[in-house]
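Below, read A as the first sequence line, B as the second, and so on, with proteins coming before strands; counting in each chain starts at 1. Since this is a predicted model, take the numbers as computed values, not measurements.
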Amino acid sequence: MRLFHVLAPLCAATMMFAASGSFLSKNAPLYAEASEGSALGELIIASEVKELSQKGSFSEVEFVGFAPEGSGVVYEKAGMLIIGFEASNPSIFKVLGQKTDEYGSVWINVSIKGFVKSDALSSDKNKVLGAGKTLFQAKCSTCHALHPESEFDANVWPSILEAMGAQAGLSKLEKQSIEKYLQNYK
Amino acid sequence: MTKKMDRRSFLKVGGAVAGTAVATVSAEAIPLVGDSLLNDAEKGFSASHFGAVVTHTRNSRFESVTPFEGDEHPVTLIEGLAARTYAKDRIMYPCVRESYLKNGYKSDKTKRGSDKFVRVSWETAYDLIANELKRVYKNYGSDAVYGGSYGWFCVGSLNNPQALLGRMLGVAGGYTSRTCTYSTHAIRQITPYVTGTDESTAPATVYPVIIENTECIVFWGADPVNTCQIAWGVPDHQSYTYMKQLKEAAQKRNIKFYIIDPVYNNTGMYFGAEHIQIRPTTDVALMLGIAQYLYSENLYSKEFVDKYTTGFEEFRKYLVGESEDKVAKTPEWASKICGIPVEVIKMLAKEFVSKRTMLMGGWGTQRAHHGEQPNWMMITLASMIGQVGLPGGGYGMNYHYSDGGVPMPAAATGNALSDKPLNGSAGAVADAENVAASPGLSGISINSKIEGPWKQRKINVIPVSRIVECLENPGKEYNFDGKAYKYPEIKMAYWAGGNPFHHHQDRNRMIKAWQKLDTFVVNECFWTATARMADIVLPATTEQERNDITKSHSNSYIFAMKQAVKPVGEATDDFDIFVNILRRFGANEVLAFTEGKTKMEWVESFYQESYNKATKSGVKMLPFKEFWEKGFVKFETPESAKKFVKHAKFRQNPVVNRLGTPSGKIEIFSKKIAGYNYKECKGHPMWFEPMEWLGSSVAKEFPLNLVSPHPKYRLHSQLNNTWIRDLEEVDGREPIWLNPKDAAKRGIQNGDIVRVFNKRGQVLAGAVVTEAVMQGVVRMQEGAWYDPSEPGKVGTLCRHGDVNVLIPDVGTSELAQGNQATALVEIEKFKGEVPEIGIFKAPKIKGI
C-alpha cells in the first residue's frame with residue numbers, strides 16, 4: 001500500500017506527458033540531468049520518445065529501441081536501420097529484452113532515459129518529416145533526377161546518403177532529416 | 001549593315017527579346033566588329049565535364065582554353081569547348097517544323113526528321129509551347145507530358161537543363177519523369193539487395209591503399225584510363241596521378257594486372273596487363289567457373305563466407321550441380337561458354353586467392369541482357385576470395401567513373417570533428433588532426449520552395465531506358481524491381497540538355513515510336529539528331545556563354561563558370577527560356593520558378609550556403625567576390641581519407657556495422673528477389689543465356705558480336721561536332737575495330753568503309769583492323785551522331801556510324817529493366833559511292 005502511494009503521483013505525471021506522442025524535431029543531445037552537462041548521446045530527428053516529466057526548459061524523456069549487440073547506435077525498430085539514438089557509451093542502456101529476426105540477427109531491446117531541451121520536441125511527426133521532404137527535393141535533384149521515395153528500402157537509404165551526402169554538402173542533420181523522411185515514406 | 005551592327009544592337013536580339021534578328025546563317029558569320037585582338041581582359045574561368053579551364057576571349061570570340069592549373073592531367077577534350085561554340089551546326093534561332101507550324105499537334109508525324117524547319121520569333125515559339133502544354137494537361141493530365149530529359153549537358157549548379165526543365169514542368173502542370181540511368185541501370189537496381197547499397201556510387205578503397213597493398217588488379221570490363229577523362233562533376237583528374245603512382249609501384253612490387261575484356265583497352269595497355277579475351281556478355285559464366293574451382297579445390301574462404309554472407313548454401317547447390325539444372329559450373333563448363341581455356345580459368349582462381357586481389361568492375365558487363373547478374377556474381381566471387389574489407393583486396397565498381405578511388409575531402413558538416421562513421425558503408429571522415437573538408441555545393445532544385453499547387457504534384461516515373469516501350473504501349477502493365485506499374489500515355493515530350501537519338505537503343509524502332517507523340521520540343525545548342533526530330537527547337541546557350549558555379553567531382557574545388565562570350569545568334573539560357581514559357585501561365589508560376597532571384601543571385605546563393613557551412617566547420621573559403629575573381633577555391637584532403645578501405649568497418653564488426661541488406665550481411669541469396677518469382681532474375685546469381693551472343697542461334701546469320709564501349713574523343717555524343725572527331729574517325733566515319741582474321745574472311749582492309757548491319761538496321765563505319773579486338777568480336781564506340789540517309793525513314797542507312805541503330809531495346813530483366821550495349825551483326829565492305837556526311841551542318845531553314 002505504501003508503495004502505491006509513492007508511485008501514484010509518478011504514474012499520473014507519466015500518463016499526463018505521454019498522452020500525446022513526442023518526436024524529435026532536430027538532433028538533440030540527451031543529458032543525465034536537466035542541464036547542459038556532458039551528454040549521454042544524441043537523439044535523432046523524427047524519433048519518437050515518451051515524455052516523462054518537465055523540468056524548466058528540459059523534458060525528461062524515454063527512448064525505447066533496438067540495438068545490435070555491442071552497438072552504440074539504437075534503431076527505432078528491430079531489423080530496420082532507422083537511427084533513434086546514438087550513445088556516447090552503450091553501458092547507459094537499460095536492457096528490456098531481446099528479439100531474433102528471421103535472418104538470425106539478435107536485437108537488444110533497450111531503454112534510455114534522460115533530459116532533452118523541450119524545444120527539440122514536436123507533437124507532429126508529419127511536420128518533422130515534411131521538413132525532410134523539402135530538403136530531399138531541394139538537395140537531391142540538382143545533379144540527377146530525383147529518386148522516387150520508394151526506390152530503396154529503409155535500410156538502403158543510409159548508405160546511399162552516405163555516398164551522396166558529401167557531393168551535396170549535406171550536414172549531418174540535413175542528411176538524417178532526409179534519411180528519416182525517406183525511411184518513413186509509405 | 002555591318003557598319004551599324006555594333007555590339008549593342010547585336011545584343012538586342014539576343015536573349016528573350018523579340019524583334020528583328022541578325023541575318024546570319026552560321027556562327028562563323030557574326031556580322032560585328034569585335035573587341036581588339038589585343039584584349040587586356042582576355043582570360044576568364046569556366047568548367048566542364050572535361051575539366052576546369054581558363055577561357056581566352058579575343059575579338060569578341062571565345063577562341064580557346066588553357067587547362068586549369070590544378071588539373072592533374074588535362075585532356076584534349078577541353079579544346080572542344082571553344083570549337084563547338086562556332087560549330088556549323090549551332091542552332092541560331094527558334095525553329096518550328098513546317099507541318100507543325102501549319103497544323104500544330106495534328107501535324108503529319110511521319111514527317112519528323114524530313115520536314116523543313118521554319119524560323120519563328122521567340123514569342124511565337126513560347127506561345128506554341130505554352131498552349132500545347134495547356135492542351136495536353138487539360139485533355140490528358142500531367143502524366144501525358146514526358147520531362148525525363150535524360151542527358152549529360154552542363155555541369156553548372158544553376159543551368160542544369162534537366163533540373164530546370166523538371167522545375168518548369170513541375171510548376172506548369174506536372175510531368176512524367178524517369179528513374180535509373182543508361183550507365184548504371186542494372187547495377188543500381190541489383191546491388192542494394194546484395195550489399196545494401198548502390199555499388200555504382202559507393203566509395204571504393206582509395207588508391208593510396210591499393211598502391212601500398214594490392215598484388216593483383218583485375219580490370220573487369222573497365223577502362224579507367226579512358227573514361228576518367230570525364231566526370232559527372234568537373235574532373236580534376238587526380239586519378240591519373242594515382243594511376244601513374246600505381247604503375248611505378250607495380251614495377252617495384254611486381255603487381256600483376258589482368259584485363260578481362262573482349263578488347264585490349266587503354267588501361268590494359270598502360271599497365272601492360274595480361275589480356276584475358278572473353279566472349280561478350282559471358283562474364284558470369286567465367287566467374288562461376290572460377291567459383292566452382294575454388295569450391296571444389298577448397299581454396300575459398302569458408303570463414304568469410306560463413307561470417308559475412310548469407311545464402312551461400314543455395315548458391316552452392318547451383319554451383320556444384322545439385323539444383324534444378326543438375327549442371328556443375330566447372331571450369332570446363334565455363335570455358336565452353338566464355339571461350340577462355342580451362343587452364344586459364346584455374347590459373348585465375350589460384351591467382352585471386354594467393355595474392356591480395358582487387359576486382360575492379362566496370363559497368364559494361366551490366367549493360368547487357370541479364371545485366372543484373374555480373375555485379376552480384378562478382379561480389380559473390382569476392383566473398384569466396386575472402387578479401388573484402390582488407391586493405392587493397394575485395395572489389396570496387398567505380399574506379400572507371402569520375403576519378404573513382406581518389407581520396408576525397410570529407411564533408412564539412414557544421415562540425416567536421418564530430419561526425420561518426422555509421423554502418424559498414426561509412427565513407428571518409430575528417431579526423432582531429434585534419435580539419436580538411438569540403439562543404440560541397442548545392443544547386444537549383446527540381447522543385448520550387450514557393451507555395452502553390454505544384455507542391456502537391458505527384459511525379460510519375462518510368463525506368464529511363466523503357467521510354468520507347470512506354471510510347472508503344474500506353475496503359476500496359478510491366479514489372480520493375482518487385483512491383484507492378486502501368487505505362488502512362490505520353491502525348492508530349494520535352495528534352496533539354498540531352499540527345500536520346502544517340503543514347504537510346506534500336507534507332508529505327510525509336511523513330512516509329514516517336515511518331516506517337518503529338519509534340520516534341522527540344523532545347524539545344526546544336527542540330528543533333530534529336531533536335532532534327534523535334535517539332536519545336538529552341539537555341540540554348542553553351543556552358544561558356546553563361547554564368548554559373550560548379551565543383552569538382554572529387555570535392556577538392558568549387559569553380560566559377562564565368563561567361564566567356566555573348567551567346568551566338570539568338571541562343572538563350574535555359575533558365576530564361578523556361579521563365580518565358582511560364583509567363584504564359586502566370587506571375588505566380590514565374591515567381592515559383594525564379595523564387596524572386598536573378599540568375600547571378602542564385603549563383604551567389606549556392607556559394608554562400610557552402611561558405612556558411614565551411615565557416616562553421618573551420619574551413620577557410622574566400623568571400624564570393626574574391627572567389628569569382630579568382631575562379632576557384634580549393635579544399636584539402638585529410639590524411640584519414642587516404643586510408644579508406646571499403647567494408648573495413650563491416651569486416652571489423654559485422655554486427656554493429658551491419659550492411660543495409662535485410663540480413664545485414666552480403667546476400668549471396670536474396671529472399672526478396674526470390675520472392676518476386678521473376679524468370680530471368682532469381683534468388684542468387686546465375687548464368688542466363690543472353691538473347692544475342694556468340695553461342696546463340698542468331699550468330700549463324702550475324703556472326704560478329706558488337707560491343708559499344710565509351711568513346712575516347714567524346715563524352716557520349718558531346719563534341720562529336722568538333723574537329724576532335726578527326727583524331728579518330730576513318731574517312732569521316734566512326735571506326736569499327738575488327739580482328740585481322742574476321743577482316744580477311746570478308747575482304748576488308750584497314751581504312752575501308754564498311755556496312756554494319758543486322759535485322760534492326762544498318763550503319764556505315766570505318767574499318768580498323770587490329771589484334772586489340774578478339775576474333776568474333778567487333779568494337780564500335782557509342783555516341784557517334786546518327787546521320788540518316790533519308791531522315792525520319794525507318795530502316796534507312798546511317799552514314800556516320802551510330803552504334804545504337806544496331807543494339808536491341810529489350811530490358812535486362814523484370815528486376816532492373818535496364819538497357820543493353822551489345823548485339824550480333826554482320827559486316828561487309830561498302831560497295832558503291834560513299835555518301836557525304838550530312839549531320840554536322842545546320843539544315844536549310846525557311847524564313848531567314
J.: Taking K671(B) first and then E102(A), would you say they form a salt bridge - that is, a charged N and a carboxylate O separated by under 4.0 Å?
T.: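 Salt bridge present between K671(B) and E102(A).
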J.: Checking heavy atoms, do the side chain of E151(A), its backbone, both or neither come under 4.5 Å from chain B?
T.: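 For E151(A), backbone and side chain are both near chain B.
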J.: Do the charged groups of K117(A) and E36(A) touch, with an N to O distance under 4.0 Å?
T.: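 Yes, K117(A) and E36(A) are salt-bridged.
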J.: Does the side chain of S200(B) come under 3.5 Å of the side chain of D198(B) through a donor N or O and an acceptor N or O?
T.: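 Indeed, the side chains of S200(B) and D198(B) share at least one donor-acceptor pair under 3.5 Å.
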J.: Heavy-atom cut-off 4.5 Å, strictly under: side chain, backbone, both or neither for C140(A) against chain B?
T.: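 Neither; nothing under 4.5 Å.
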J.: Would you mind listing every side chain to side chain donor-acceptor pair (under 3.5 Å) that reaches into residues 60-74 of chain A, with sequence neighbours excluded?
T.: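 Counting only pairs at least two positions apart or across chains, the side chain to side chain donor-acceptor pair (under 3.5 Å) contacts touching residues 60-74 of chain A are S53(A)-E60(A), E62(A)-S111(A).
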J.: For residues 148-169 of chain B, pull every pair meeting ring pair (Phe, Tyr, Trp, His ring centres under 6.0 Å), keeping only residues two or more places apart or in separate chains.
T.: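 Matches after skipping sequence neighbours: H49(B)-W152(B), Y150(B)-Y182(B), Y150(B)-H503(B), W152(B)-W232(B), W152(B)-H716(B).
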J.: Count the heavy-atom pairs under 4.5 Å between each of A168(A), A145(A), S141(A) and chain B, then report the option with the highest count.
T.: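 Looking at each of A168(A), A145(A), S141(A) in turn, S141(A) comes out on top.
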J.: In terms of heavy-atom pairs under 4.5 Å, which option from S149(B), P662(B), G664(B) contacts chain A the most?
T.: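 Highest number of pairs under 4.5 Å: P662(B).
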J.: Please classify the contact between M80(A) and chain B as side chain, backbone, both or neither, with a heavy-atom cut-off of under 4.5 Å.
T.: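 No part of M80(A) comes within 4.5 Å of chain B.
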J.: Measure A138(A) against the heavy atoms of chain B and call it side chain, backbone, both or neither at under 4.5 Å.
T.: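 When you check distances to chain B, atoms from both the backbone and side chain of A138(A) fall under 4.5 Å.
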J.: Given a strict heavy-atom distance threshold of 4.5 Å, which part of V655(B) is in contact with chain A: side chain, backbone, both, or neither?
T.: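 Its backbone and side chain both get close to chain A.
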J.: Quick one: do the T310(B) and S663(B) side chains pair a donor with an acceptor below 3.5 Å?
T.: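 No.
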